[in-house]
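We count residues from 1, following the sequence as given.
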Amino acid sequence: MDLLHKFLNIAVPLLMLIAFPFFMPPFLLLKFLSFLKRSIYSEKVSGKVVLITGASSGIGKHVAYEYARRGAHLALVDIRDDHLPIVANKARELGSPEVIVVRADVSKVEECKQFVDETVNYFGRLDHLVNNAGVISGSFFEDYTKFTDVSSIMDVNFWGSVYGTHYAIPHLRKSKGKIVVMASTGANITMPRISFYNASKAALTSFFETLRTEIGSNIGITIVTPGLIDSEMTRGPFIQEGKISWVPVESTERCAKAIVDSTCRGDMYLTVPSWMGWGFWTRVLCPEVLEWGLHAILVKWPHTQKKDL
């Protein structure tokens with residue numbers, strides 16, 4: 001067995017290097033033609049039912065507005081229900097035929113079942129599930145002194161998407177629907193100070209990639225990896241304390257439009273803005289350079305005071 005692994009360790013890389021120049025050109029051409037076809041026959045969501053978590057602000061709010069412009073029925077979910085009626089009213093003005101709002105905590109499995117059931121009971125179907133709800137906390141790992149509440153990041157960002165998806169899948173199978181997953185470029189670029197957030201988003205990506213292989217083509221899954229988007233998460237002290245104010249921030253409206261366009265095309269992945277996708281290839285091809293750059297630019301300044309989560 002050891003000899004076999006030694007042989008494969010040499011043979012597989014050589015075979016890949018030989019096959020790569022022949023395989024990539026036709027693959028890229030087919031991928032481009034597939035993109036053109038999906039763009040031409042992009043899904044029309046007028047009259048369809050879209051459930052969006054974390055819909056009271058930020059990306060979730062503007063995704064709701066974009067679906068509304070296209071005539072979709074909306075179910076808006078958030079733990080903060082004070083802004084939901086405002087978002088719902090504007091969505092109606094923009095063209096959504098019908099909007100319902102549901103207050104729910106996505107970190108609680110029973111409430112996730114509740115908002116899926118309420119949506120299906122009211123509209124009779126479910127076509128798109130947008131797992132957008134998320135939270136963030138920024139500090140160096142060694143500066144944390146208590147971890148009693150840090151699990152809430154994983155509870156909301158990871159389990160909050162998993163729970164809702166579990167209860168939505170039977171309905172999405174019937175409609176041949178789609179799931180939108182809000183991951184993050186942080187899962188690839190691993191920005192300092194947000195280790196728990198990055199970990200939760202990396203878990204999301206891995207989970208939904210695995211789920212995609214399990215359910216096949218019955219349900220489309222689009223994994224979105226936004227960069228710095230103009231939202232509550234990126235306003236205030238987050239950017240200044242993180243020393244990333246030099247990074248361009250994408251508008252929430254452009255991000256939302258790109259997400260809905262990509263979902264309707266049936267894309268597997270979307271990075272917004274697209275140039276941040278190069279962070280992934282940098283990590284794959286020269287991880288030492290990425291690690292050195294992030295440490296040199298973002299870490300070499302005085303640590304913040306100890307922080308209790």
Side-chain angles (χ1 to χ4, degrees), residues 31 34-35 38-39 42-43 45 50-55 58-60 62-64 66-67 77 106 112 126-136 153-154 156-169 172-173 176-191 194 196-229 231 233 250 252 254-284:
K31 190 172 182 178
S34 173
F35 174 82
R38 288 184 284 110
S39 297
S42 182
E43 179 185 4
V45 294
V50 181
L51 192 162
I52 306 169
T53 66
I59 294 175
H62 287 279
V63 166
E66 189 61 33
Y67 272 111
V77 178
V106 298
C112 291
L126 177 61
D127 297 283
H128 287 197
L129 169 66
V130 182
N131 291 306
N132 171 73
V135 294
I136 192 169
I153 297 175
M154 186 64 74
V156 174
N157 294 358
F158 178 72
W159 289 110
S161 294
V162 172
Y163 293 151
T165 297
H166 177 77
Y167 293 110
I169 279 179
L172 294 171
R173 282 191 187 279
K176 294 185 180 295
K178 291 185 171 68
I179 299 170
V180 182
V181 184
M182 209 62 64
S184 171
T185 53
N188 295 321
I189 303 179
T190 58
M191 300 283 284
I194 49 173
F196 294 107
Y197 176 81
N198 291 342
S200 69
K201 296 300 185 176
L204 264 184
T205 300
S206 180
F207 174 83
F208 279 96
E209 284 176 339
T210 305
L211 182 62
R212 187 190 283 140
T213 64
E214 291 184 6
I215 63 180
S217 59
N218 289 325
I219 301 172
I221 298 178
T222 299
I223 299 174
V224 183
T225 52
L228 282 178
I229 308 299
S231 67
M233 283 189 180
E250 178 68 284
T252 320
R254 283 172 54 86
C255 177
K257 185 178 186 305
I259 290 170
V260 179
D261 285 342
S262 183
T263 304
C264 291
R265 280 195 307 266
D267 295 344
M268 295 174 66
Y269 299 95
L270 170 70
T271 300
V272 186
S274 59
W275 64 266
M276 294 202 74
W278 286 100
F280 169 79
W281 293 109
T282 305
R283 190 189 71 169
V284 171

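- Using a cut-off of 4.0 Å between Lys/Arg side-chain N and Asp/Glu carboxylate O, Asp127 and Lys178 are scored as not salt-bridged.
- A 4.5 Å side-chain heavy-atom check between Thr53 and Val130 finds every atom pair outside the cut-off.
- Remark: the backbone N or O of Ala168 is not paired with any side-chain donor or acceptor of Arg173 at under 3.5 angstrom.
- The two atoms that bring Gly227 and Pro273 nearest to each other are N-CD, 4.3 Å, heavy atoms only.
- Using a 4.5 Å heavy-atom threshold, the side chains of His128 and Glu43 count as touching.
- Of the listed residues (Val45, Thr222, Leu270), just one forms a side chain to side chain contact (heavy atoms under 4.5 Å, CB included) with Thr263, and that residue is Thr222.
- Using a 4.5 Å heavy-atom threshold, the side chains of Glu209 and Tyr269 count as touching.
- The main-chain N or O of Ser200 is never found under 3.5 Å from a side-chain atom of Asn157 such that the two would form a donor-acceptor pair.
- Using a 4.5 Å heavy-atom cutoff, the side chains of Ser262 and Val224 are not in contact.
- Looking at Ser206, its side chain never comes within 3.5 Å of a backbone N or O of Ala202 through a donor-acceptor pair.
- Between Met154 and Phe196, the closest side-chain pair of non-hydrogen atoms is not below 4.5 Å.
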>> I'd like to know whether Ile219 forms a side chain to side chain contact (heavy atoms under 4.5 Å, CB included) with Ile169, so could you lay out the CA-CA distance, the side-chain angles of the two residues, the decisive distance to 0.1 Å, and finally the verdict.
In response: CA-CA 8 Å; Ile219 301 172; Ile169 279 179; 4.1 Å; yes

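- Taking CD1 from Ile259 and NE2 from His62, the interatomic distance works out to 11.0 Å, rounded to the nearest 0.5 Å.
- Closest approach of Ala258 to Val272, counting heavy atoms only: CB-CG2, 4.1 Å.
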>> The test is side chain to side chain contact (heavy atoms under 4.5 Å, CB included); show your working for Phe207 and Val181 and say whether it passes.
In response: CA-CA 10 Å; Phe207 174 83; Val181 184; over 6 Å; no

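- With rounding to the nearest 0.5 angstrom, the CD1 atom of Ile136 is 5.0 Å from the OH atom of Tyr197.
- Annotation: the span from Met182 atom CE to Cys255 atom SG amounts to 6.5 Å, rounded to 0.5 Å.
- Partners of Tyr167 by ring pair (Phe, Tyr, Trp, His ring centres under 6.0 Å), not counting sequence neighbours: none found.
- Side-chain contact between Ser42 and Arg38: absent, with no pair of heavy atoms (C-beta onward) separated by less than 4.5 Å.
- Pairing each heavy atom of Cys112 with each of Gly160, the nearest pair is SG-O, 4.2 Å.
- Ile52 has its side chain out of reach of Val77: every pair of non-hydrogen atoms, C-beta onward, lies at least 4.5 Å apart.
- Of the charged side-chain nitrogens involved, none lies within less than 4.0 Å of a carboxylate oxygen, so that Asp261 and Arg265 do not count as a salt-bridged pair.
- Separation of atoms CH2 (Trp275) and OG1 (Thr185) is listed at 8.5 Å; rounding is to 0.5 Å.
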>> Between Ser184 and Asn198, is the side-chain hydrogen bond (donor to acceptor under 3.5 Å, both in side chains) condition met? List the steps.
In response: CA-CA 7 Å; Ser184 171; Asn198 291 342; 5.2 Å; no

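- Atom CD of Glu66 is separated from atom OG1 of Thr252 by 12.5 Å, given to the nearest 0.5 angstrom.
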> Given the rule in the side chain to side chain contact (heavy atoms under 4.5 Å, CB included) test, do Val63 and Lys257 qualify, once you have shown the distances and angles that lead to the verdict?
Replying inline: CA-CA 7 Å; Val63 166; Lys257 185 178 186 305; over 6 Å; no

>> The test is side chain to side chain contact (heavy atoms under 4.5 Å, CB included); show your working for Ile221 and Ile215 and say whether it passes.
In response: CA-CA 10 Å; Ile221 298 178; Ile215 63 180; 3.8 Å; yes

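- Looking at Tyr67 and Val260, their side chains come closer than 4.5 Å, going by heavy atoms from C-beta outward.
- Closest non-hydrogen pair, Leu204 versus Ala183, comes out as CD1-CA, 4.5 Å.
- With hydrogens and angles left out, the side-chain atoms of Thr225 and Thr271 include a donor and acceptor closer than 3.5 Å.
- Note that CG of Leu51 is 9.0 Å distant from CG of Leu172, once rounded to the nearest 0.5 Å.
- Here the closest non-hydrogen pair linking Val106 and Tyr163 is O-CD1, 3.6 Å.
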